[in-house]
Amino acid sequence: MNKSYKITLIKSLKFLIILILIDQLLGTVTRIYFFKQQSGKYYRISYSMDSAKADIFIFGSSHANRHYDVDVFEKELGMTCYNAGVQGQELLFVATLQKIILQRTKPKLIILNIDPEWLYESAGSYDKLGELNPYYFKNPDLIGQVLKKNKRFIEIPLLSKLYQYNSTIAHIVKYFFFPQDDNKGFRSLTGVNDSNFKNQKSIELEEKNQKIDTLFVRSFKELLINAKNNKVEIIAVTSPSLFGVNLNRNFSFKEMESILLKQNVSLFNFCNDERFLNHNELYSDPGHLNIKGAALFSKFVADTINRKSGILQNVICLTK
Amino acid sequence: MLFNSLQFMIFFPVITGLFYLLPHRYRWALLLIASCVFYMAFIPVYILILIVTILIDYTAGILIAQATNKKKKKWLLIMSIISTCLVLFIFKYYNFFIANYNYVVTFLDWNYSVNTLKIILPIGLSFHTFQSLSYVIEVYRGKQKSEKHFGIYSLYVMFYPQLVAGPIERPQNLLHQFREKHIFDFNNVSNGLKQMAWGFFMKLVVADRAAIYVNAVYNNPEQHNGLTYIVATIFFAFQIYCDFAGYSNIAIGSAKVMGFKLMQNFDRPYFSKSIAEFWKRWHISLSTWFRDYLYISLGGNRVSKTRCYFNLFITFLVSGLWHGANWTYIIWGALNGFYLIAGIFIKSFFHRIRLPLEQRLITRLISIIVTFLITCIAWVFFRANSLENAFDIFSKMLNPHGKLFIPTGADVVAPIYAVFAIILLLIVEIKHEYFNNIFSVFNNKSETVRLFAYAGLIAVILFFGVFDGGQFIYFQF
């Protein structure tokens with residue numbers, strides 16, 4: 001063998017061994033501290049996946065996380081409640097989280113907060129799936145299957161422990177020194193909205209004729225069917241909006257509406273609800289309700305569930 | 001194909017392995033096929049545009065070399081330049097000119113508006129067009145023999161490491177390398193891989209991390225205050241540098257692994273003490289291209305002072321237009337031209353003053369900071385979505401009150417990582433710029449220290465890198 005090839009081979013091997021050592025060592029330390037977190041977003045995701053038990057589970061994005069006051073639901077419906085809404089996440093992540101949770105526990109009712117634009121094509125929605133990387137080792141088949149939708153050869157970088165915990169260290173440090181309060185997953189927002197900006201995303205969606213992502217459609221259907229297969233009652237809710245949104249032009253929402261109808265799942269649409277429209281005092285920012293708004297909205301959702309006796313009857317029947 | 005994609009992580013070792021396994025006479029074919037695959041990973045059909053450019057300049061090169069008549073040579077050169085630039089014009093500038101024409105027509109209330117074309121700009125078009133042009137100009141100037149081998153000439157234009165974002169090579173430096181036999185050499189492989197690793201650090205850890213904050217601010221111009229724009233612009237200065245220099249490092253490094261030497265494209269530009277120095281350190285392959293083929297052709301500095309300033313200004317104006325078909329780029333180029341001319345006046349004034357060493361060091365530091373800040377002012381035009389936005393940003397920057405914007409959700413920690421990454425980058429660059437001879441982990445005598453240093457660098461990339469950052473900014477040029 002050529003001398004140069006030999007040197008390269010030996011040094012490459014040495015380098016690889018050192019790299020693997022550093023990766024495994026630092027990766028293991030990070031993993032330990034990652035799962036030792038006692039507050040913050042990743043803690044809530046871990047807790048939802050591994051430990052949370054409740055009669056009602058709330059799923060969705062930051063709208064779910066910020067708008068559904070668990071105390072109100074517990075008081076109004078007389079059942080325990082956990083808010084598994086995840087800030088910044090969208091349908092694919094929510095569907096995966098639901099699958100993982102239902103493998104472990106069977107709540108009586110799932111309240112799925114849907115964002116009207118969920119089914120539109122969005123590269124960001126796939127990119128955000130990276131937040132599942134730290135949990136890959138716990139559930140490689142299920143999570144790997146989802147992650148592959150974004151990156152075909154994702155198993156290769158996931159061999160690295162450091163990659164699995166990419167960009168998590170700041171969270172770990174931040175929430176170690178500044179713990180973040182939550183009430184069974186629910187995190188209320190304070191303050192009153194003083195911004196006149198209409199949510200940029202909704203303006204864009206109204207203006208552009210966006211395409212529907214078939215994978216998102218499939219995922220949405222699977223989410224509903226998965227709940228039914230696990231004999232869990234599921235309802236869908238859209239959160240209130242500060243500004244009026246033309247949902248008739250929103251093909252994503254229309255598609256979700258028709259899927260919900262076909263799957264016989266109730267939809268409570270609070271988008272454009274006049275009790276919340278242009279009521280700055282109920283919002284913390286143009287996209288999110290504040291604590292007052294969240295309490296009011298949660299009450300309305302709980303009342304609607306109570307009023308629609310079918311839902312609670314189903315919940316009782318399914319749990320028998 | 002993106003350098004920061006998993007496909008490239010498979011593509012690169014496979015092609016490099018095959019390159020060394022194949023006999024020398026087949027290597028050009030392998031590299032050409034690999035380059036086609038690399039380019040067609042974007043929009044496959046656009047390879048036809050490349051083929052057209054290659055055919056035009058390949059033929060022109062041979063005809064120019066064969067022509068004995070000076071007039072004919074010149075005529076052939078002009079025809080080749082016009083044809084090559086026509087492709088660039090149609091795909092890159094046609095819509096811009098039509099949009100401006102329509103604007104004027106509407107303003108004058110005439111009814112002669114023209115429709116724009118619905119086309120996507122082929123990736124890296126300006127880069128390979130300029131590389132192709134440099135070949136015909138050099139053949140015309142008699143500094144380069146025309147290349148008869150169509151495959152080798154095609155490879156000169158298409159060589160995948162530098163195909164879509166440079167460095168823009170000269171035929172004298174690159175063409176002969178395709179004919180030379182490259183023997184597997186450990187040092188080449190090792191140095192190439194090290195340069196690639198540093199390039200990936202710049203792109204994934206610094207540029208793409210800073211981009212999260214920059215995009216959040218610059219893409220929502222109405223929502224942010226002056227302080228936020230100042231921070232975002234400083235971030236952008238590092239983003240654009242690390243994005244492009246990162247690409248160049250990966251390109252140069254991947255070519256080096258196969259034994260090819262590409263020209264240096266960046267030389268720590270933010271340590272420049274003047275704008276003139278900045279342009280000697282920033283995008284060197286483009287700056288020298290404009291110097292050699294435009295500035296000197298216009299007369300360079302062998303003309304009257306006024307004419308020389310005019311030549312400088314025109315060169316930078318065209319450089320701005322090269323970057324993009326938008327008034328923001330043109331203003332950016334003009335501003336740099338203005339800086340450069342102003343710099344000449346300021347230099348002639350300060351040149352007469354002799355300062356003691358201590359004060360000279362302080363002056364040097366101040367010069368670096370001032371150069372960086374005025375570069376940042378120009379970057380506002382480069383990054384703003386429109387001229388209107390840019391001026392709006394400036395007016396906000398002049399009145400920087402209010403709270404600094406911190407992103408919400410998953411991006412909340414992005415600025416922290418960005419600051420950390422920039423500090424890390426600066427430590428390494430300061431060390432290389434001023435203390436090159438003292439202790440270095442990357443160039444340490446001990447092999448173990450070196451191995452640990454590079455393994456650590458890869459670990460930092462894996463741990464802090466942004467792997468969903470997407471394209472390199474300069475692809476759009």
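Chain naming here is simple, since letters A, B, ... match the order of the sequence lines and numbering starts at 1 in each. The analysis underlying the following values was restricted to heavy atoms, covering all of them including side chains, and did not include hydrogens, waters or symmetry mates.
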Is there side-chain contact between [X] and [Y], with heavy atoms separated by less than 4.5 Å?
X	Y	result
A/I22	B/F452	yes
A/S167	B/Y417	yes
A/N166	B/F464	no

For [X], is the [atom1] atom crowded, meaning more than 12 foreign heavy atoms sit under 6.0 Å from it?
X	atom1	value
A/K138	NZ	yes
A/K148	NZ	no
B/N399	CG	yes
B/E388	CD	no
B/Y20	OH	yes
A/F137	CZ	yes

Where does the angle between the aromatic ring planes of B/F184 and A/Y5 fall among parallel (under 30°), tilted (30 to 60°) and perpendicular (over 60°)?
parallel

Distance-minimising heavy-atom pair for A/L19 and B/A455
CD1-O, 3.5 Å

Based on non-hydrogen pairs under 4.5 Å, which of [options] is most in contact with chain B?
options	value
A/V86, A/T168, A/I169, A/D23	A/I169
A/K174, A/Q89, A/K11	A/K11
A/T30, A/I156, A/L26, A/I20	A/T30
A/F153, A/Y126, A/F15	A/F15

Check whether the ring centres of A/Y165 and B/F463 lie less than 6.0 Å apart, and answer yes or no.
no

Atom group of B/F420 that falls short of 4.5 Å from chain A, counting heavy atoms:
neither

Segment of B/I10 engaging chain A (4.5 angstrom heavy-atom cut-off)
side chain

What is the distance from atom NZ of A/K14 to atom OG1 of B/T448, rounded to the nearest 0.5 Å?
6.5 Å

